[in-house]
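Here's the structure, in structure tokens; my notes come after.
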Amino acid sequence: MKISILGIGYVGLVTGVALSEVGHTVTCIDCDLEKINQLNRGISTIYEPGVPELLIKNMNQGRLYFTCDIREGLADNEIVYIAVGTPENNDGSANLQYVEQAARDIGANISRDTIIVTKSTVPIGTNARIKALINEHLVNRCTIEVVSNPEFLREGSALYDAFHADRIIIGAESEAAAEIVENINKPFKTTIFKTDLLSSELIKYASNAFLATKISYINEISNICELIGANVEDVSVGMGLDQRINSQFLKAGIGYGGSCFPKDIKALVHMTNSLNYQFELLESVMNVNCSRQQILLNKVKRRIGNLNKKKIALLGLAFKPNTDDMREAPSIMIAEILVAEGAVVTAYDPVAKENAEGVISRLVNYSDSVIEALTGADAALILTEWDEFKSLDLRILNEHMNEGILFDGRNCFSLEQADAANIEYHSIGRKSVIQDPVLS
Ligand code: UDX
């Protein structure tokens, strides 16, 4: 099929690469000329494993194009995806300005019957609004149908998720439109579930909110583990062996960040409030998540005392591993508070430094390696569970730090590993490992 995609941010580019990889001819349209020029030079505009390689491959095979010209980009294609961003408004609602502009642009530039596929995460009822807006701006007589096809990619594993999705959701007004989008997705060889527009829109929000609920749930359980001396890692394993619970998204830590969970949960709460329904559970999920960074900082303050002039090393800044994305990263608040308390903060992240410099206090120093960050530090905090950190020989802490004291916000190590390395180790939902000076 010949497909156009409007909005080449994270979802748009991954979707374009994936669709062209399975044989479709895809024209990606974005108003950002610099972004389009970079992509036309075969350079990815996002940090995402696998995207650079497939980008060049499919461009070379003539299946993937990029343009700023919307009329050229739509070029009579009968399928148009909307993948523009839906950022958060100050009141927590989803900002639909880009979606609405895309709808107006499509209406003004199509000249044949077209199916509009909404990839963007949009509030309940938005697909109907998209259809109305397109029809209001049509300059040529043609029929349009909208189909909701929400995205479930995770940053850092987006292409894997695209080719190993558990399901593809299609919400449509007509069986004919649903079947066309179903045929587009058949090459992904996964379960395709068809439903109506509203249910499809809600599946996206409800799924993200549930995953975030699992995270806040295990984070609350980790608080209880600390009160009774249990081990949240073992509790998580024991729970996750029950297929009804499943082991995924049961990792305790310093909370969820990213461009989706925080935004989508606020949007869902805002949507339900407008229906005079109070989504109490999600209010709690958000409150628990907001407390996570302070919980780690309290551990640091209890152990280190006055942070003024203390050298603190931060290992990891991105909101999760395998991405350079700093949106809603827990590291932002932690770094700000440490700096505010007078600590001398040095941070290292394998890829997120450039993005971090734009959102974290300019008083934070940056290192180019773990060792450089640890050198002379009074304490180290792990904030992102990069493989590079999980494979560290913990003995280097005693070699390079003033004192080998590690606060692990992502439980990268077992208590046994910490004890064997003879370091002082504080983590989430587990007992601390304190070295006995007599024995060490
Ligand atoms: C999420 C959804 O997983 C994805 O389906 C949707 O399309 C977009 O939002 P993403 O935000 O990219 O994907 O990453 P994800 O792997 O879900 O992690 C989100 C946050 O939760 C990260 O900050 C991560 O550190 C945190 N997390 C995840 C936990 O704290 N514990 C876990 O067990 C899992």
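Atoms within a ligand are numbered from 1 in the order they appear, just like the ligands themselves.
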Are any of the N or O atoms of [X] closer than 3.5 Å to those of ligand 1?
X	value
Leu211	no
Ile215	no
Lys251	yes
Glu155	yes
Gly258	no

What protein heavy atom lies closest to [atom]? Include the residue and the distance to one decimal.
atom	value
atom 30 (O) of ligand 1	Arg410 NH1, 3.4 Å
atom 5 (O) of ligand 1	Phe152 O, 2.9 Å
atom 9 (O) of ligand 1	Cys260 CB, 3.2 Å
atom 11 (O) of ligand 1	Phe319 CE1, 3.7 Å
atom 3 (O) of ligand 1	Arg154 CG, 3.2 Å
atom 21 (O) of ligand 1	Tyr256 CB, 3.2 Å
atom 6 (C) of ligand 1	Leu153 O, 3.2 Å
atom 34 (C) of ligand 1	Phe249 CD2, 3.7 Å

Report the distance from atom CD1 of Ile116 to atom CD of Glu78, rounding to the nearest 0.5 Å.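 The CD atom of Glu78 is 11.5 Å from CD1 of Ile116, to the nearest 0.5 Å.
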
Which atoms of ligand 1 are found less than 4.0 Å from any heavy atom of Glu151?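 By the 4.0 Å cutoff, the relevant atoms are 7 (O).
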
Need the ligand 1 atom indices (1-based, order shown) with element for anything under 4.0 Å from a heavy-atom of Leu250.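 Listed by number with element, the hits are 33 (O).
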
Lys204 touching ligand 1 at heavy-atom level, < 4.0 angstrom: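 So Lys204 counts as touching ligand 1.
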
Yes or no: does Gly257 have any heavy atom under 4.0 Å from an atom of ligand 1?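 Distance cut 4.0 Å: Gly257 passes for ligand 1.
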
Given the rule in the ring-ring contact (aromatic ring centres under 6.0 Å, His included) test, do Tyr348 and Tyr366 qualify, once you have shown the distances and angles that lead to the verdict? CA-CA 6 Å; Tyr348 167 69; Tyr366 292 91; over 10 Å; no

Assign the ring pair Tyr277 / Phe279 to parallel, tilted or perpendicular, where the plane angle (0 to 90°) is split at 30° and 60°.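 Geometry flag for Phe279 against Tyr277: perpendicular rings.
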
Over 60° means perpendicular and under 30° means parallel, so classify the ring planes of Phe261 and Tyr256, tilted if in between.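 Because their plane-to-plane angle is over 60°, the rings of Tyr256 and Phe261 count as perpendicular.
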
Are the charged groups of Glu328 and Lys263 less than 4.0 angstrom apart, N to O?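 Looking at Glu328 and Lys263, the cut-off is not met.
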
Between Arg154 and Asp161, does any side-chain N to carboxylate O distance fall below 4.0 Å?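 Result for this pair is yes, salt bridge flagged.
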
Do [X] and [Y] have side-chain heavy atoms sitting under 4.5 Å apart?
X	Y	value
Ser427	Phe407	no
Glu385	Lys390	yes
Phe193	Ile170	no
Ile396	Val370	yes
Lys299	Glu226	yes

At a non-hydrogen distance cut-off of under 4.0 Å, which region of Asn208 contacts ligand 1 (side chain, backbone, both, or neither)?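 Just the side chain.
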
Option of least heavy-atom distance to atom 16 (O) of ligand 1 (set: Lys320, Glu385, Arg327):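 Nearest option to atom 16 (O) of ligand 1, by heavy atoms: Lys320.
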
Against Val364, only a single residue in Val345, Thr346, Ile312 fulfils side-chain contact (heavy atoms from CB on, under 4.5 Å); can you say which?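 Of Val345, Thr346, Ile312, side-chain contact (heavy atoms from CB on, under 4.5 Å) with Val364 is met by Val345 alone.
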
